[in-house]
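All remarks here apply to the structure that follows.
We count ligands from 1, going down the list as the structure has it; atoms in each ligand are counted the same way.
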Amino acid sequence: MSHFPIFADLRDRAVLLAGAGKVAERKAQSLLDAGAKVRVVAKTLNFQFQKWADEGEIIWLGGEFCEEQLDDVFLITAATSDHAFNRRIFDAAEARGKLCNTVDTANLCSFIVPALVDRGPLKIAVSSGGTSPVLARKWRQIIETLVPLHTGRMAEIAGKWRSHIKSRIEGTENRRRFWENLFDSRFSALTAQGDTEAAETELTAQLENFAPTRGEVVLAGAGPGDAGLLTLHALQAVQAADAVFYDALVSDGIMAMVRKDAEKISVGKRAGLHHVQQEETNRLLVEYAQKGLRVVRLKGGDPFVFGRGGEEAQVLKQAGIPYRIIPGITAALGATAYAGIPLTHRGCAQSALFVTGHSKHDGSEPDWRTLALSKQTLVVYMGTLKAAEITEKLIAHGRSADTPVAVISNGTLPEQSVLSGRLKNLPELAEKAPRPALMVIGEVAALREELKWFGERGRT
Ligand code: SAH
């Protein structure tokens, strides 16, 4: 079940509440707090309801419910202990196309009320879509501790200044930057201390000094797939981005962390000819940054490991665009760790070499003698299509045909799979392996049998 989240403005709107006991009282209180005109259907009123009725806070319609009572109300809350009665109200609401919530009865609700973190105008709603209110409340408690109490006050001040700022700073992006800088500045501390006047002085000072910033490009590594392997810098960058250029290796879990209203541009590709596409990407990066946008070029793994990040940085440098580079966990580190294969291990491997199986057609041959040395781990990116040739060359240059190997597919993702074997079987393993896949050649590959852990629950 998926609900569409909205915050309703109930000020001066009529709401029908069925029931006038303890549970209804809580509902009535929050409806009154929201400024609703509460009409109550109930045979008897409890003490609090009676008081509200006497003070004119609510209108008591008596104990009889008739469907016409729904005609001019905005929404309905059924909070009686009589299930059949609640159902009658819900059915009547449905027939009239009115929103109805029945307390603690998920199937009699056309809207549900979320758990709320309330900071004045800033409200954070948490809902489990009716599946587990306890889980929603647990998360509300956690968020409650994360959002400082003065956040509401900051929102109030922002509300007061919003239209003025709009008239002074042109462009949504610039305004967003102004507010973000402000909320991260002394303004926050001053508001926390309750010194609204000083906070507003700070705001005006920052407004005077505000200069639209130039665009920049962040070349960020997204890691091999598991969103938990993103660095804090990369997370901050994608959450502040105006535009994110991402390639096919960036997982859905990571894309879910990108700022919602950022423009997301797929420059996806897998092994093959993509020279023109790369030039187009370079051109777009420059173009977007020149518009003053904060651009993130998000790449699988690390941008500087077989990621063409260097070429993109050169283009930016030549165009005079400011850039930053955020490293990521490259597949050779991430996929092997999740496969239980240490890249170096005493007695097995004193060094590790990362090579690409998809070398440029510039005629140069890799130094096979070096690649075939024993006691080292060879990690081959983009190599499954060339596995037969690589195997043949390594054996021809002295690597034992019985060297342990592993082919890791979709490393660090829930669908990770690993095929283990010996060098002589590498071509068959590589052919079977789903992509993206990384080939690991070396004695360390055999350690997986002992050290595997990821996705092994219940198997070990
Ligand atoms: N910049 C990336 C590498 C890009 S080249 C990095 O640092 O990881 C693309 C190759 O990386 C793929 O062909 C595959 O060999 C490897 N690769 C990337 N992600 C992978 C993953 N999750 N599992 C296995 N191999 C992966």
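Contacts between Thr412 and ligand 1 below 4.0 angstrom, taking non-hydrogen atoms only, are absent altogether. Contact annotation: for Ala332 versus ligand 1, there are no heavy atoms closer than 4.0 Å.
With hydrogens left out, the protein atom closest to atom 2 (C) of ligand 1 is Gly300 O, 3.2 Å, a heavy atom. Closest to atom 11 (O) of ligand 1, if we only count protein heavy atoms, is Tyr381 CD2, 3.3 Å. Ranking protein heavy atoms by distance to atom 4 (C) of ligand 1, first place goes to Phe306 O, 3.3 Å. Taking atom 17 (N) of ligand 1 as the reference point, the nearest protein heavy-atom neighbour is Ala331 CB, 3.5 Å. At the top of the distance list for atom 15 (O) of ligand 1, counting protein heavy atoms only, stands Ala437 O, 2.7 Å. The protein heavy atom nearest to atom 9 (C) of ligand 1 is Leu249 CD1, 3.6 Å. Counting protein heavy atoms only, atom 22 (N) of ligand 1 is closest to Pro224 O, 2.9 Å. At the shortest separation from atom 10 (C) of ligand 1 among protein heavy atoms lies Met382 CG, 3.7 Å.
For the residue pair Gln206 and Glu202, a side-chain donor N or O sits within less than 3.5 Å of a side-chain acceptor on the partner.
Close contacts between ligand 1 and Val305 involve ligand atoms 1 (N), 2 (C), 3 (C), 6 (C), 7 (O) [criterion: under 4.0 Å to a heavy atom]. Heavy-atom contacts of Ile408 reach the following atoms of ligand 1: 24 (C) (cutoff under 4.0 Å). For ligand 1, the atoms sitting less than 4.0 Å from at least one non-hydrogen atom of Asn410 are 22 (N), 23 (N), numbered in the order shown with element in parentheses. Here is the list of ligand 1 atoms found below 4.0 Å of a heavy atom in Thr330: 6 (C), 7 (O), 8 (O). Using a 4.0 Å cut-off to heavy atoms of Gly411, the atoms of ligand 1 that qualify are 21 (C), 22 (N), 23 (N), 24 (C).
Glu208 and Arg168 are joined by a salt bridge, as a carboxylate oxygen and a charged side-chain nitrogen come within less than 4.0 angstrom of each other. A salt bridge does not link Asp242 to Lys291: none of the charged side-chain nitrogens sits closer than 4.0 Å to a carboxylate oxygen.
Residue Asp367 qualifies as enclosed at atom CG: its count of foreign heavy atoms under 6.0 Å is above 12.
Side chains of Asn86 and Phe90 form no contact here, defined as non-hydrogen atoms less than 4.5 Å apart. Side-chain contact between Leu371 and His397 is absent, with no heavy-atom pair separated by less than 4.5 Å. Residues Tyr246 and Val258 are not in side-chain contact: their nearest non-hydrogen atoms beyond the backbone lie 4.5 Å or more apart.
The closest approach between a heavy atom of Gly225 and any atom of ligand 1 is not below 4.0 Å.
The backbone N or O of Asp226 lies less than 3.5 Å from a partner atom in the side chain of Thr412, making a donor-acceptor pair. At distances below 3.5 Å, at least one donor-acceptor pair connects side-chain atoms of Ser251 with backbone N or O atoms of Gly225. For Asp302 (side chain) and Gly328 (main-chain N/O), a donor-acceptor pair under 3.5 Å exists by modelled atom type.
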